[in-house]
There are 2 protein chains.
Amino acid sequence: MPNNARFAEIAALAGDPGRASMLTGLMDGRALTASELARLAGVTAQTASSHLMRMTEAGLLLVEKQGRHRYHRLASPAVAQMIESIMRLAAPAVDSKPVRTGPRDAALRAGRTCYDHLAGHLGVSIADSLIDAGHLELGIDAGEVTANGIHLFESAGINVEALTAKGSRILCRPCLDWSERRPHLAGAIGAALCTHCFDKGWIRRVEGSRAVTVTPNGRRQLRETFGVNLS
Amino acid sequence: MPNNARFAEIAALAGDPGRASMLTGLMDGRALTASELARLAGVTAQTASSHLMRMTEAGLLLVEKQGRHRYHRLASPAVAQMIESIMRLAAPAVDSKPVRTGPRDAALRAGRTCYDHLAGHLGVSIADSLIDAGHLELGIDAGEVTANGIHLFESAGINVEALTAKGSRILCRPCLDWSERRPHLAGAIGAALCTHCFDKGWIRRVEGSRAVTVTPNGRRQLRETFGVNLS
DNA sequence: CCAATGCTTCGAGGGCGATCGAAGTGTTGC
DNA sequence: GCAACACTTCGATCGCCCTCGAAGCATTGG
């Protein structure tokens, strides 16, 4: 089975300390430059360049040229999931907390990150509001930001032009929400919106979980800026 | 971060072709002897011994002495999940190529065990049916058994309370199916359901393979008990 | 006991790849 | 244009670890 060789190849790529640092450093979904990743891994630029090329060719990373910088990010949620599964094994026995199906699940339903965008009641509410206001069109299999929507995001401080210029990544796509059973906003614009909310302090991550909570100010800002009403 | 070293160590262990063969060979949850694993990996007994010791010390495998044999198996579902996540990245060729389907591949696609739960067309069909009937919610990143679902499993003779009481293991989680490209049911409840099907004689393991076949009675029982319609 | 089997330990060989210095290409800013 | 910056390519070094032969335990069966 030739498949096995590829299995080992991929695992081996994650099996070098330097590359491991790079991969875990990219887990938040951001795109980092080669220099940043080199510093993060504690190696010289040449070494980092070699690592990044190999991981890109193997399909673990995607790279975007932007001027004299090269931005690298994880190629897909599947890659992030693999890294997460390794991290879980690498973590010391934190398993002490039994992860009860109580407040935590409720928190996950209310709002969480799905790879690099927002999901749960929060994510679906945002998508619904944007759709209702004509800023967004979103179906099961595809989606699009309207001209109105682009204007809205731009005026909120999210540079949509820059996102589309990045080329390879799809600007807007739906992602089916497991708790709400309806699509929420993913793609480059979904990731940008998520980052925006974190940066502005509108949402905060719950320690040791994918769950996020909306701050009082965030709730107000989301309503005023994006017309989102969180019930 | 000392954690990073352990991340790389674990990934590197999976990154050797020989060890990769061993790990994937243990994915059905069975325990194999060192000799069997050596043959599977295509290496001598000495080499295999070294590999097995390292993987055991790293916590990937558990070993059980039994006379002059030493049985090795995956240490936990978390290990199996890591392997599965790597396998999924290793098989992107499913998109481009129509995938030559030998009889054995066809059997694997139809139904197989994924460590300790059911996968393939069988696994996805079960998950879909449970979701449609409101017994289960399952997305890319998380899932949950509904109150209705708990009642269904209990009445079928699966003690859900006992599973949740176990504490550490997650009751319900999705596992992305590599042949169907959609989530199927994993976690404690997925394992319990799989065991239930074997115990009742609804499914049988194909000799020397992870593939399973559904017996005529099993097909009927799955429909009557869990509302599963296998096309 | 002795031979056979399963597995491990020891030691040596050998290849792969991680690393960095040096040099080259492309881009930005003045 | 020139200098600074970001990144890549090339080449050489060197250490790690994969591998197997040989020998050493451990267990089983006769």
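Only heavy atoms go into these numbers, but all of them, side chains included; no hydrogens, no water, no symmetry mates. So that the names make sense, note that chain A is the first sequence line, chain B the second, and so on, each numbered from 1.
Side-chain contact check for A:His184 versus A:Ile126: every heavy-atom pair is 4.5 Å or farther apart. Counting heavy atoms from C-beta outward, B:Leu37 and B:Leu26 have side chains that approach closer than 4.5 Å. By the 4.5 Å heavy-atom criterion applied to side chains, A:Glu36 and A:Leu40 are not counted as neighbours.
Stem list for DNA chain C (at least 3 consecutive Watson-Crick or G-U pairs, distances under 3.5 Å): C:1-30 with D:1-30.
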Please write out each protein N/O paired with an N/O of nucleotides 8-16 of chain D under 3.5 Å, distance rounded to 0.1 Å.
residue : atom : partner : partner atom : Å
D:dT8   : OP1  : A:Arg70 : NE           : 3.4
D:dT8   : OP2  : A:Ser49 : OG           : 2.7
D:dT8   : O5'  : A:Ser49 : OG           : 3.1

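Other residues, nucleotides and ligands place more than 12 heavy atoms under 6.0 Å from the CD atom of A:Glu154.
Remark: side-chain polar atoms of A:Thr215 are paired, donor with acceptor, to backbone N or O of A:Trp202 under 3.5 angstrom. Under a 3.5 Å cut-off, the side chain of B:Ser21 and the backbone N or O of B:Pro17 do form a donor-acceptor pair. Checking side-chain atoms of A:Arg70 against main-chain N and O of A:Ala34 turns up no donor-acceptor pair under 3.5 Å. Side chain of A:Thr113 to backbone of A:Leu118: no donor-acceptor contact under 3.5 angstrom is found.
Between B:Glu36 and A:Val43, it is B:Glu36 whose nearest contact on DNA chain C lies nearer the 5' terminus.
Phosphate proximity of C:dT25 to A:Arg68: absent, as no side-chain N or O sits under 4.0 Å from OP1 or OP2. Put simply, B:His69 has no side-chain N or O that comes within less than 4.0 Å of OP1 or OP2 on D:dA26. Close to C:dG17, at under 4.0 Å from its OP1 or OP2, lies no side-chain N or O of A:His51. Between A:Lys65 and C:dT27, a side-chain N or O to OP1/OP2 separation shorter than 4.0 Å is present.
Summarising the geometry, the separation between CD on A:Glu64 and P on C:dT27 is reported as 16 Å, rounded to the nearest angstrom. Between the CZ atom of A:Arg54 and the C1' atom of C:dT19 there is a distance of 13 Å, given to the nearest Å. In this structure, the CG atom of B:Leu37 is 14 Å from the P atom of C:dG6, given to the nearest Å. In this entry the distance linking CE of A:Met55 with C1' of C:dA18 reads 13 Å, nearest Å.
Out of C:dA18, D:dC18, C:dA4, the shortest distance to the side chain of B:Asp16 is found at D:dC18.
Between A:Ala48 and A:Ala38, the shortest heavy-atom distance links the atoms CB-CB, 3.5 Å.
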